[in-house]
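Here the structure is laid out as structure tokens; the discussion comes afterwards.
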Amino acid sequence: MDRNLVRIRRLRSRAVKPTALAAAAAVAAGLSLWVAASASGTESHRDRMDVPGVTANLFEWNWPSVARECKSTLGPDGYTGVQVAPPADSVKRTSLGNGSDTILHPWWEVYQPVDYNLTSRMGTEAQFRSMVSTCRKAGVKVYVDAVINHMTGQGDTSYGGKTFTHFTYPGIYADADFHHQGTGPDQCPSASGGIEDFNNVHQVFTCELVGLADLDTSSPRVQSTLAAYLNKLIGYGVSGFRVDAAKHIGQTDLDAVYSRLHRTKDGLRPYWALEVFGGSPGILSPQAFTTSGNVLGLDGVKQIRDAFKSYTTDHVGSIATLQAFGGVSGLTPSDRTLSFVTNHDTERNGDALNYKDGARFILANEWLLADGYGSPQIFSGFTWTTSDDSPPSDGNGLILDADCTSGLWTCTHRDTGIVGMVGWHNVVGSAARANFWTDGDNIIAFSKGSRGWAAFNNGPAAQSITVQTGLARGRYCDVVSGVPTRSGCAAGSTAVVVDAQGRASVTVGAYGAVAIDRASRR
Ligand code: LAG
Ligand code: CA
């Protein structure tokens, strides 16, 4: 039994959930793998890049709420990282924009930066800083959504009280720092000045995305301004970035910015997860951006949706298809991918399952944690009716404290089954998948070496199966129904008996999962 596992087991047997220590051990295990992989790789800038482990994406949680959650929940539950919303000062709408929008402070205000001072809807710069330090102390690293392709597309005042116009942001950028319509190499060639053809590389890089002022990221001045912003965050203890609209910056400019970044507080290169929507050819594809960093698993999101619930045909799907998922099903390589069931865009645009899918959404998240593809991230946002809805805020757009009892926040990361599977993920580590079993339709089961075994039922009726678990003989507690106590299974949690041949008979509930691991043996 390896050292990490012993630690996790000791923690669980003390009736303590896997904590910062387990989390750190899991990170260290991932890290050594990464270093080994990159030693043989060709891209030197990947050398010792941070590896996030399991992250929670607390979308638009305000900074004091994130800090509290790191300490009370994320760290103790074994999450090793948290992704937070764009912290830069952004537009604060004082009137409705163009078109049909009817909400004064839609969630997307934060994707329209105005200034790199961190006065935002989520709090002050001091609150941000203190959140990062609280989270790090709880064993939870902080990853920031970095909006660096563009500035605002509308409005004239910001949360930080700045006034600006399109192309002029006092103190940071002026007209010459942006791409403009024209025919030169750093100019936008489309008639409208916006991206009209997502297959045209010149337009994708230099034209405006939905009317947002497009930074001339090829300019050394812009690059150093962006790097100064990101380095400030790194200085506060941030471990890496989800790079918004990375597809519209392009590899060359992304690399130029990345090369200016400092090491993180852990002495690593910052994590760099590029947002690149699939659907465009060649160098615009997610695959082609893996030379510049990790990428978001957006194509995987659709495969997961279609496996659990097909939107195109019968609305049933079949998770037996997930026997092949990852590089083998055409996705970017596991060690280059930030994987998730949904994010803030796909939960609204039909590409993904979302919290409204109920048990199936939870099941898909549990499966992702078990599958082990990519660095898994659990998205946890606020509930909404229309796709522009504001997160719970006061009249000025300032976001209120997250409250998991109000029904206004989904709090997906706190779900008992998901928390159990975060622990399971940390226990099984990098063990290879084995003992795959399926009924050929909507039940799958597999082990990770001899460290853990899990079963998933994406059907409306409970099913009993008898299968090879790959685990040693013993009595194990199901971790999906609750983290085991020192002496036994959690209240209401089922025990699974593995016989001398490694076989077990298990009943898996409707749209449910059962999972056991070496640290859940009692
Ligand atoms: C992203 N990744 O590349 C974000 O994940 C996505 O959420 C952002 O769009 C987008 N890129 C720009 O950062 C979101 C909303 C848009 C919104 C935009 C800027 O999905 O709807 O556009 O943020 O706030 C809004 C209006 C547009 C308008 C634009 C500029 O909806 O109609 O043209 O603002 O004024
Ligand atoms: Ca651009």
Side-chain angles (χ1 to χ4, degrees), residues 57 59-60 83 85-86 88 90-93 95-114 121 145-156 158 164-166 177-181 185-190 192-195 198 200-219 222-223 226 241-254 256-257 273-280 284 286 289 295-296 298 301 338 340 342-352 379 381 384 386-390 397:
N57 181 352
F59 184 65
E60 298 195 349
Q83 183 180 307
S90 77
V91 68
K92 175 182 179 179
R93 304 203 314 171
S95 61
L96 298 176
N98 331 321
S100 57
D101 53 348
T102 53
I103 293 162
L104 200 52
H105 300 297
W107 61 267
W108 42 255
E109 282 184 325
V110 301
Y111 288 95
Q112 302 199 28
V114 167
R121 301 184 72 170
D145 192 343
V147 182
I148 58 174
N149 170 66
H150 52 258
M151 300 297 279
T152 48
Q154 56 185 258
D156 52 17
S158 77
F164 57 90
T165 58
H166 204 71
D177 297 318
F178 292 89
H179 290 136
H180 295 279
Q181 202 179 359
D186 289 319
Q187 290 177 308
C188 163
S190 80
S192 65
I195 303 168
F198 278 80
N200 180 291
V201 69
H202 199 171
Q203 287 193 25
V204 168
F205 290 170
T206 61
C207 296
E208 291 189 344
L209 174 67
V210 296
L212 298 158
D214 202 69
L215 285 163
D216 178 5
T217 45
S218 70
S219 136
V222 170
Q223 290 169 1
L226 293 174
F241 305 97
R242 174 253 188 206
V243 185
D244 184 71
K247 179 175 177 176
H248 304 285
I249 299 171
Q251 289 89 338
T252 308
D253 297 353
L254 284 167
V257 173
L274 308 174
E275 197 234 13
V276 183
F277 262 101
S280 302
L284 295 176
F289 277 81
V295 291
L296 306 198
L298 292 161
V301 158
L338 182 68
F340 42 84
T342 190
N343 72 6
H344 71 279
D345 287 323
T346 61
E347 77 163 341
R348 290 172 170 80
N349 71 11
D351 278 356
F379 178 77
W384 47 271
T386 73
S387 66
D388 288 343
D389 281 2
S390 169

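Counting convention: from 1, in listed order, for ligands and their atoms alike. When reading the values below, keep in mind they use all heavy atoms of this one structure, side chains included, and skip hydrogens, waters and symmetry mates. Not measured: the values here are computed from a predicted model.
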Contact check: [X] to the Ca ion (ligand 2), N/O/S below 3.0 Å:
{"X": "V204", "answer": "no"}
{"X": "T217", "answer": "no"}
{"X": "D253", "answer": "no"}

Is [X] reaching over with its side chain to a backbone N or O of [Y], donor-acceptor style, under 3.5 angstrom?
{"X": "S280", "Y": "F198", "answer": "yes"}
{"X": "T342", "Y": "E347", "answer": "yes"}
{"X": "Q181", "Y": "S190", "answer": "yes"}
{"X": "R93", "Y": "I103", "answer": "yes"}
{"X": "S90", "Y": "Q112", "answer": "no"}
{"X": "H248", "Y": "V204", "answer": "yes"}
{"X": "R121", "Y": "H105", "answer": "yes"}
{"X": "Q203", "Y": "I195", "answer": "no"}

With heavy atoms of [X] as the reference, note each atom of ligand 1 found under 4.0 Å away.
{"X": "H150", "result": "12 (C), 13 (O)"}
{"X": "D345", "result": "4 (C), 5 (O), 6 (C), 7 (O)"}
{"X": "H344", "result": "4 (C), 5 (O), 6 (C), 7 (O)"}
{"X": "Q154", "result": "28 (C), 29 (C), 30 (C), 34 (O), 35 (O)"}
{"X": "A245", "result": "2 (N), 3 (O)"}
{"X": "W107", "result": "7 (O), 14 (C), 15 (C), 20 (O)"}

What is the O(F205)-the Ca ion (ligand 2)-OD2(D214) angle, to the nearest 10 degrees? 80°
Location of contacts on [X] toward ligand 1, heavy atoms closer than 4.0 Å:
{"X": "H248", "result": "neither"}
{"X": "K247", "result": "neither"}
{"X": "N343", "result": "neither"}

Any protein heavy atom lying closer than 4.0 Å to atom 32 (O) of ligand 1? no
Do you see a protein non-hydrogen atom under 4.0 Å from atom 9 (O) of ligand 1? no
State, with a plain yes or no, whether a side-chain heavy atom of M151 is found less than 4.5 Å away from one of F164. no
4.5 Å side-chain heavy-atom contact, I148 and V243: yes
What is the closest protein heavy atom to [atom], and at what distance does it sit?
{"atom": "atom 18 (C) of ligand 1", "result": "W108 CB, 4.1 Å"}
{"atom": "atom 1 (C) of ligand 1", "result": "D244 OD1, 2.9 Å"}
{"atom": "atom 3 (O) of ligand 1", "result": "E275 OE1, 2.3 Å"}
{"atom": "atom 19 (C) of ligand 1", "result": "Q112 NE2, 3.4 Å"}

Under 3.5 Å, N or O to N or O, is G211 touching ligand 1 that way? no
Quick check: does E109 get an N/O under 3.5 Å from an N/O on ligand 1? no
Among N, O or S atoms, H248 approaches the Ca ion (ligand 2) most closely through O
Going by side-chain contact (heavy atoms from CB on, under 4.5 Å), F178 matches just one of L215, D216, T217. Which one? L215
Test item, [X] contacting ligand 1 (heavy atom, 4.0 angstrom):
{"X": "R242", "value": "yes"}
{"X": "R348", "value": "no"}
{"X": "V210", "value": "yes"}

For H344, run the ring pair (Phe, Tyr, Trp, His ring centres under 6.0 Å) check against Y111, W108, F379 and tell me which one passes. Y111
Below 4.0 angstrom, N of the basic side chain to O of the carboxylate: do E109 and K92 qualify? no
For F340 and L296: C-alpha separation, side-chain torsions, deciding distance, then whether side-chain contact (heavy atoms from CB on, under 4.5 Å) applies. CA-CA 8 Å; F340 42 84; L296 306 198; 3.9 Å; yes
For side-chain contact (heavy atoms from CB on, under 4.5 Å), just list the numbers for R242 and N57, CA-CA rounded to whole Å, side-chain angles, deciding distance to a tenth of an Å, and then say yes or no. CA-CA 11 Å; R242 174 253 188 206; N57 181 352; over 6 Å; no
